[in-house]
Every structure is written in C-alpha cells, then in structure tokens.
Engineer: 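My questions will all concern the structure given below.
All figures in this text were calculated on a predicted structure; none of them were measured in a lab.
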Amino acid sequence: MRIDLPLRDRRCLVRSPGPRVAELVHALADGGALVDVETPTVPSPVLDDLASRRIVRLVTDVDHTAYALVVTDPHAEAPAAPAPEPAGTGSVVLVGGGPGDPGLLTLAGLRALESADVVVTDRLAPIGLLDALEPRPEVIHVGKIPRGEFTPQERINEVLVEQARRGRTVVRLKGGDGFVFGRGGEEWNACVRAGVPVSVVPGVTSSVAAPALAGVPVTHRNLTQGYAVVSGHVGPDDPRSTVNWAALATSGLTIVVLMGVAALEPITTALVGHGLDPDTPAAAVSDAGLPGQRVVRGTVATLARAVAAADLRAPAVTVIGPTVDALLDPGAGG
C-alpha cells in the first residue's frame, strides 16, 4: 500500500485510528506527508511505538481545518469475533524480521507469518507488514521502549508457551536476528523446557544491514579482515560490561556497536584510550531502512558529540573502522 501525495513538509491527520493504522501511517509517510494521529481512546502499543520513533505525532483536541488532508482510518470498525481456539499443543517459530523495512524480511519469515495464529512482536520488528496479512493473526505487543514500558523477558517466555499450549501456531517476531542480542536463545530454551516444538527463521541482522544501508561495508579487501559485533547497552566502566574494549581497540577489526547510543561517549573514549587512532572513521545509523533513516559521520573521537548535536536516538547502530570511508559515493545512505 502506498499513497502518493504532494504533501512534502505538510501535515495530514489520521482520524479514528484502527487496528491496521500502521499500514496507513507508513503509506502516508512514504508519500511525503508529516503524519499526526488522533490519540485513540484505547491504548495502542503500535501508535506508542511509532510516536517514540518520531514517525507520527499523537495529538488531542484537534483542529481539523489546520490540516492539508484528513483521513479516517478505513479499518477503524470493531474487530471481528475471534475464531474458535484449536485444541492440543501448537508450536513456536522464532522469526528474525530484519532491521525494520518489510522488504528485508526473508521469504521464510513471511511464510511463517502467513501461517501464524498469533504473532508476539517487538516494537522494532516490521509491524506494518502485519496489517497486510489475511486472515490477520492476533497480535501481542511485548516491545521494550527505552526508559519506558517493557514486558519482562520471563513474561514473554510465558506468553509463547501459553499460546502454543492452546494449540496455536505462534510466531515470535523480532527486529534484526533473534539470536544476535535478541534473547532468542532464552525463548528457545523456555519452549524446549515446556515441551513446546520450536524452530527458528534467521533474520537480516542490523549489525550488518544498518551500516550497509548507510553505504558502509563491514569488511573491505585490504582494509580489514573481519568485524566484531558488541553490545553497548552498558559502558566500559559499568561492572555489567563483559566486553574486552582494550582488545577491540587493537584488533584491527571493524567494530559494530548495537544498543550503544546512551553509552557512546564512554565507549569511544575507552577505545581511544586503549590505543585506537582517534582519527578512525566512524558513523551512527538510526532507523535503518525506514523513511526516517538518519546517518551521522565523524571519527571515533568526534562521533559522540556529533550524535548528541544531531539528537540521534535509538534504535541506532554504530560502526567504527576504515570501512566507514571505503565507498567512493555512499549515495543517499551516507
């Protein structure tokens, strides 16, 4: 679905948001509109997620005459009654959804979604794609918003088992790849311990896709012979960090940091302090593959300040190494 509108730099309003509002919002945004959505009367995790990523703005007490276009969500009617639940034990499929663009979901992942009775999804998964599924599965949102609402991992594990024990085919949809800092291994083990059949569909990991979409290869002949992917959820001085930052600094590898926006300054400072050349090229990519993708470039010594100045927010991937400048013309991504 795509809506082509001569609305660049102009706002439109979505009234009465329904269960498939994400599809409508992305179509408007892809057409060049800046989208406001009337705050729904019933809490909507999908809209909360879109608003947290600045794809939409939630508004109340709306002056409809102030907008170039007002759209009433055609799917705002009450949902149909749920189908009878099958008996017996179902199964769980752990699907990596890629970095966010629905086009980067694998064919195997799409087939799994098409056969799902229920989808348990994170906020960074390609959730707009769920609106196009027919029949539409039940969708359970368990996303974690930074410094906001979240569903504990233990509860997510319980939901997967509970739904499968109702005889349902359950798809656990995640952004990126569920086995790369996605706790997919914990969910696999929870299913096995409960006697629930479980399988996995790998996803396009954002650790490679986000740099690529910004025009940055993680390897390049004569520049590096490998890359390392690490979590930046906590900084080098945090006792919870188990990353050997000193070894990384002298490894000669491209360094990719996931979940590292908040701790970017101490991370880059530690790398330079452990011997990484401060002039090493570096870049941060947020909302990779989505209409709002942003890229900030600099060096390992300047990137944290540049990211802060640009107000670049999570989700973002940081890549550090000479491959950041490898391509002669990174195009729009760079």
Side-chain angles (χ1 to χ4, degrees), residues 96 99 146 175-185 202-288 293-310 312-330 333-334:
D177 182 281
F179 281 4
V180 181
F181 303 127
R183 299 192 176 184
V204 178
T205 171
S206 60
S207 61
V208 174
L213 290 166
V216 177
V218 293
T219 65
H220 194 73
R221 190 160 62 107
N222 300 327
L223 289 180
T224 181
Q225 296 182 2
Y227 64 97
V229 182
V230 297
S231 168
H233 181 64
V234 294
D237 295 331
D238 192 298
R240 295 170 293 173
S241 176
T242 61
V243 175
N244 189 334
W245 296 101
L248 276 181
T250 58
S251 66
L253 303 175
T254 301
I255 303 169
V256 180
V257 183
L258 303 186
M259 304 174 290
V261 174
L264 186 57
E265 192 279 330
I267 286 173
T268 53
T269 298
L271 289 171
V272 172
H274 287 301
L276 184 63
D277 185 344
D279 291 328
T280 301
V285 189
S286 69
D287 287 325
Q293 175 177 310
R294 299 174 64 202
V295 183
V296 173
R297 291 172 177 266
T299 68
V300 66
T302 65
L303 186 65
R305 293 193 299 274
V307 165
L312 200 74
R313 302 180 185 180
V317 174
T318 299
V319 56
I320 300 168
T323 63
V324 171
D325 289 342
L327 300 192
L328 297 178
D329 181 5

Engineer: If you look at every heavy atom in Ala284 and Val307, which pair is closest and at what distance?
Structural biologist: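 Shortest heavy-atom contact: CB-CG2, 3.8 Å.
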
Engineer: Could you walk me through whether Tyr227 and Val319 pass side-chain contact (heavy atoms from CB on, under 4.5 Å), step by step?
Structural biologist: CA-CA 10 Å; Tyr227 64 97; Val319 56; over 6 Å; no

Engineer: Do you know the tightest heavy-atom contact between Ile320 and Ala282?
Structural biologist: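 Reported closest heavy-atom pair: CG1-CB, 4.0 Å.
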
Engineer: Find out whether Pro211 and Val285 are in side-chain contact, i.e. whether some heavy atom of one side chain is under 4.5 Å from a heavy atom of the other.
Structural biologist: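 Contact flag for Pro211/Val285 side chains = no.
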
Engineer: So, for Leu276 and Ala249, which heavy atoms are closest and what is the spacing to 0.1 Å?
Structural biologist: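 It is CD1-O, 3.7 Å.
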
Engineer: Keeping to residues at least two apart or across chains, list the side chain to side chain donor-acceptor pair (under 3.5 Å) pairs with something in residues 205-214.
Structural biologist: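 Non-adjacent pairs meeting side chain to side chain donor-acceptor pair (under 3.5 Å): Thr205-Ser207.
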
Engineer: Between Leu303 and Arg297, which heavy-atom pair has the shortest distance, and what is it?
Structural biologist: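 Result for this residue pair: CD1-C, 4.2 Å.
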
Engineer: State, with a plain yes or no, whether a side-chain heavy atom of Val229 is found less than 4.5 Å away from one of Phe181.
Structural biologist: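 Side chain of Val229 against side chain of Phe181, heavy atoms only: contact under 4.5 Å found.
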
Engineer: With sequence neighbours left out, write down each residue that passes salt bridge (charged side-chain N to carboxylate O under 4.0 Å, His left out) with Asp177, or none if nothing qualifies.
Structural biologist: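 With neighbours one apart ignored, the set is empty.
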
Engineer: So Thr323 and Thr219, do their side chains get closer than 4.5 Å, heavy atoms only?
Structural biologist: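 Side chain of Thr219 against side chain of Thr323, heavy atoms only: no contact under 4.5 Å found.
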
Engineer: Can you list everything that forms a side chain to side chain donor-acceptor pair (under 3.5 Å) with Thr299? Sequence neighbours excluded, please.
Structural biologist: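 If we apply the side chain to side chain donor-acceptor pair (under 3.5 Å) test to Thr299, skipping adjacent residues, the hits are Thr302.
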
Engineer: What pairs with Arg313 under side chain to side chain donor-acceptor pair (under 3.5 Å), at least two apart in sequence or on another chain?
Structural biologist: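 If we apply the side chain to side chain donor-acceptor pair (under 3.5 Å) test to Arg313, skipping adjacent residues, the hits are Asp311.
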
Engineer: List, one per line, each side-chain donor-acceptor pair under 3.5 Å for residues 257-271, sequence neighbours excluded.
Structural biologist:
unit_1 : atom_1 : unit_2 : atom_2 : d
Glu265 : OE2    : Thr269 : OG1    : 2.8
Thr268 : OG1    : Leu264 : O      : 3.0
Thr268 : OG1    : Glu265 : O      : 3.1
Thr269 : OG1    : Glu265 : O      : 2.8

Engineer: Can you give me the closest heavy-atom contact between Pro217 and His220, atom names plus distance?
Structural biologist: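 Scanning both residues completely, I find the closest heavy atoms to be CG-ND1, 4.3 Å.
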
Engineer: Looking at residues at least two apart in the chain, or sitting in another chain, which of them share a side chain to side chain contact (heavy atoms under 4.5 Å, CB included) with Val243?
Structural biologist: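 Side chain to side chain contact (heavy atoms under 4.5 Å, CB included) check on Val243 returns Val230, Ser241, Trp245, Leu248.
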
Engineer: Can you name the residues that form a side chain to side chain contact (heavy atoms under 4.5 Å, CB included) with Asp237, not counting sequence neighbours?
Structural biologist: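 If we apply the side chain to side chain contact (heavy atoms under 4.5 Å, CB included) test to Asp237, skipping adjacent residues, there are no hits.
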
Engineer: How close do Val216 and Val324 get, counting heavy atoms only, and between which atoms?
Structural biologist: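 Minimum heavy-atom contact is CG1-CA, 3.7 Å.
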
Engineer: Going by side chain to side chain contact (heavy atoms under 4.5 Å, CB included), name the residues that satisfy it together with Ala246, two or more places apart in sequence or in a different chain.
Structural biologist: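 With sequence neighbours excluded, Ala246 shows a side chain to side chain contact (heavy atoms under 4.5 Å, CB included) to Asn244, His274, given in chain and number order.
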
Engineer: By side chain to side chain contact (heavy atoms under 4.5 Å, CB included), which residues pair with Arg221, not counting sequence neighbours?
Structural biologist: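 Checked Arg221 against side chain to side chain contact (heavy atoms under 4.5 Å, CB included); zero matches.
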
Engineer: Under the 3.5 angstrom rule, does the side chain of Thr280 hit a backbone N or O of Val300 as a donor-acceptor pair?
Structural biologist: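 Side chain of Thr280 to backbone of Val300: no pair is present.
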
